[in-house]
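Predicted model only: the values in this text are computed from it and were never measured.
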Amino acid sequence: MKLKKNNILNKNNYRKTRPIFIVGSGRSGSKMLCELLNQINRVESNHEYMCTHIQPLAVKYYMKILSREKVLKQLGSIYSSAIEYSKKPIWIDSSNKVSWVIDILFELFPNARFVHIVRDGRKVVSSFYNKLNNECYDDKSVSILTKWYNNPDKYIEPPPEKKYWWGIPIKGNKYYHRFKKFDQFERICFHWGEVTRTIVKEFNNLPDKSFITLKLEDIISKKKKLKLLLKFIGIKYHPEYYKILKRPQNIIKKEDKKLTPKQKKKFYDISGDMMKLFRYDKSTEYDVKY
């Protein structure tokens, strides 16, 4: 199979391996699903594939630092060879990082399928805030990214570590002015809401058969939802898969901290629209059992 000069494969050649991109906000079961799917013979499953390459690219695209053409070329170079040389019929990247570049990935891979795993935002922001500490929207990293974004001639670009590359709203975004005064918790609230809004928007532009949205809570508690997910990916259901998902994985700290009344107020003020869209506003915050 011959590659184009820019290392992006000809679209007509995507027959051997189908790419699947599992998107979401993070802390929503992406690692758990990756590990489950990687136990299936027909699947090559990756969690946050080439993260130090993909995350900066995705954030730069979201913040309009890089043009669509440049991101298209760089993402194509990274993903095309991985998919081309996979020996499995299904190749998966389960990563919140690619949530910002769904349109790019669909252009690169017209036969790709996208899975949005959404989780109650209260549990997501609590997990980010209480378990990742300074790895997500800490003051220092946000300041470094902001300074470089505002004055790239004066400041050197941040290193590709995860902690530096969390999306910051730019002019035109309704949170642009407010974000400057946000504390770490509020930035994380913004992240859950903004990623979810972005995915919903991008899915509206995709053919119906190329995407599916499911709640994490449903996948781990309702067999029919897990069967629906696996069928969409192209995998036959087995009862053992359901048992595996019953066991919490990717645990950083075995603790379940609920949001305080003050935190809940901040959270709903920033991301209440998405809680309402997915009807999480109709339920109380649940307990996570380890």
Side-chain angles (χ1 to χ4, degrees), residues 1 9 11-51 54 78-99 101-102 105-106 108-120 123 196 199-200 202-204 206-251 278 288-290:
M1 184 177 291
L9 296 177
K11 294 177 181 178
N12 294 327
N13 290 331
Y14 290 113
R15 298 170 183 166
K16 184 180 65 175
T17 299
R18 179 193 292 276
I20 307 285
F21 297 99
I22 300 177
V23 301
S25 64
R27 310 307 303 168
S28 301
S30 59
K31 182 71 176 292
M32 176 176 65
L33 281 174
C34 175
E35 293 181 352
L36 166 64
L37 295 169
N38 222 15
Q39 298 178 43
I40 300 171
N41 289 333
R42 299 179 63 248
V43 176
E44 178 182 340
S45 183
N46 304 274
H47 181 247
E48 297 184 356
Y49 180 75
M50 298 290 286
C51 181
I54 302 297
I78 294 169
Y79 278 119
S80 293
S81 55
I83 296 169
E84 169 65 9
Y85 292 114
S86 175
K87 296 180 180 179
K88 303 295 180 69
I90 299 173
W91 187 94
I92 295 175
D93 187 12
S94 184
S95 171
N96 69 84
K97 319 307 178 190
V98 300
S99 302
V101 290
I102 291 170
L105 293 172
F106 183 68
L108 286 168
F109 311 110
N111 71 329
R113 289 186 175 177
F114 297 85
V115 178
H116 179 197
I117 303 299
V118 62
R119 184 188 184 192
D120 187 328
K123 308 309 295 183
T196 308
I199 296 170
V200 170
E202 293 302 325
F203 275 17
N204 285 334
L206 297 179
D208 290 343
K209 293 182 179 180
S210 65
F211 69 89
I212 189 171
T213 298
L214 292 166
K215 291 183 177 180
L216 175 65
E217 294 85 359
D218 289 341
I219 294 172
I220 62 177
S221 65
K222 301 175 182 178
K223 291 182 181 179
K224 66 177 182 179
K225 294 296 184 180
L226 177 58
K227 290 179 180 179
L228 180 63
L229 169 63
L230 295 175
K231 182 179 179 181
F232 179 79
I233 293 175
I235 299 168
K236 187 177 180 180
Y237 172 80
H238 189 282
E240 186 63 27
Y241 302 157
Y242 187 67
K243 294 179 182 179
I244 292 173
L245 292 185
K246 283 291 186 181
R247 302 190 292 267
Q249 299 177 43
N250 194 27
I251 306 303
F278 287 97
V288 177
K289 297 179 181 179
Y290 297 103

Item to check | Expected output: side-chain R119 to main-chain R27 donor-acceptor under 3.5 Å | outcome: yes
Checklist outcome for this item: Here the pair of heavy atoms bringing S99 nearest to V23 is OG-CB, 3.5 Å
Next on the checklist: Would you compute the distance between atom CD1 of I83 and atom CG of D93 and round it to the nearest 0.5 angstrom?
Outcome noted: 9.0 Å
Next on the checklist: Test of understanding: with side-chain hydrogen bond (donor to acceptor under 3.5 Å, both in side chains), list the residues that count as partners of D120, not counting sequence neighbours.
Outcome noted: R122
Item to check | Selection residues 214-239 - residue pairs positive for ring-ring contact (aromatic ring centres under 6.0 Å, His included), sequence neighbours left out | outcome: H238-Y241
Item to check | K227: salt bridge (Lys or Arg N to Asp or Glu O under 4.0 Å) partners, not counting sequence neighbours | outcome: none
Item to check | Heavy-atom donor-acceptor pair, K225 side chain to I220 backbone, under 3.5 Å | outcome: no
Next on the checklist: Give me each pair satisfying salt bridge (charged side-chain N to carboxylate O under 4.0 Å, His left out) with a member in residues 37-51, each pair once, sequence neighbours excluded.
Outcome noted: E48-K97, E48-K162
Going by atom type alone, with no hydrogens or angles, which donor-acceptor pairs under 3.5 Å involve a side-chain atom of residues 208-216 and a protein atom two or more places apart or on another chain?
unit_1	atom_1	unit_2	atom_2	d
S210	OG	P207	O	2.7
K215	NZ	F278	O	2.6

Checklist entry - How would you list, by chain and number, every residue that makes a side-chain contact (heavy atoms from CB on, under 4.5 Å) with S30, sequence neighbours excluded? => result H47, S94
Checklist entry - Taking only residues two or more places apart in sequence, or in another chain, which ones meet F21 in a ring-ring contact (aromatic ring centres under 6.0 Å, His included)? => result Y79, F114
Checklist entry - Once you round to the nearest 0.5 Å, how far does NZ of K31 lie from CG of L36? => result 13.5 Å
Item to check | N38 side-chain N/O to S45 backbone N/O, donor-acceptor pair under 3.5 Å | outcome: yes
Checklist entry - Which residues satisfy the salt bridge (Lys or Arg N to Asp or Glu O under 4.0 Å) test with K123, sequence neighbours excluded? => result D256, E285
Item to check | Considering all heavy atoms, the nearest V118-E217 contact | outcome: O-OE1, 3.9 Å
Checklist entry - Hey, does the side chain of Y242 reach the backbone of S221 with a donor-acceptor pair shorter than 3.5 angstrom? => result yes
Item to check | Sequence-distant partners of S25, side-chain hydrogen bond (donor to acceptor under 3.5 Å, both in side chains), two or more places apart | outcome: S28
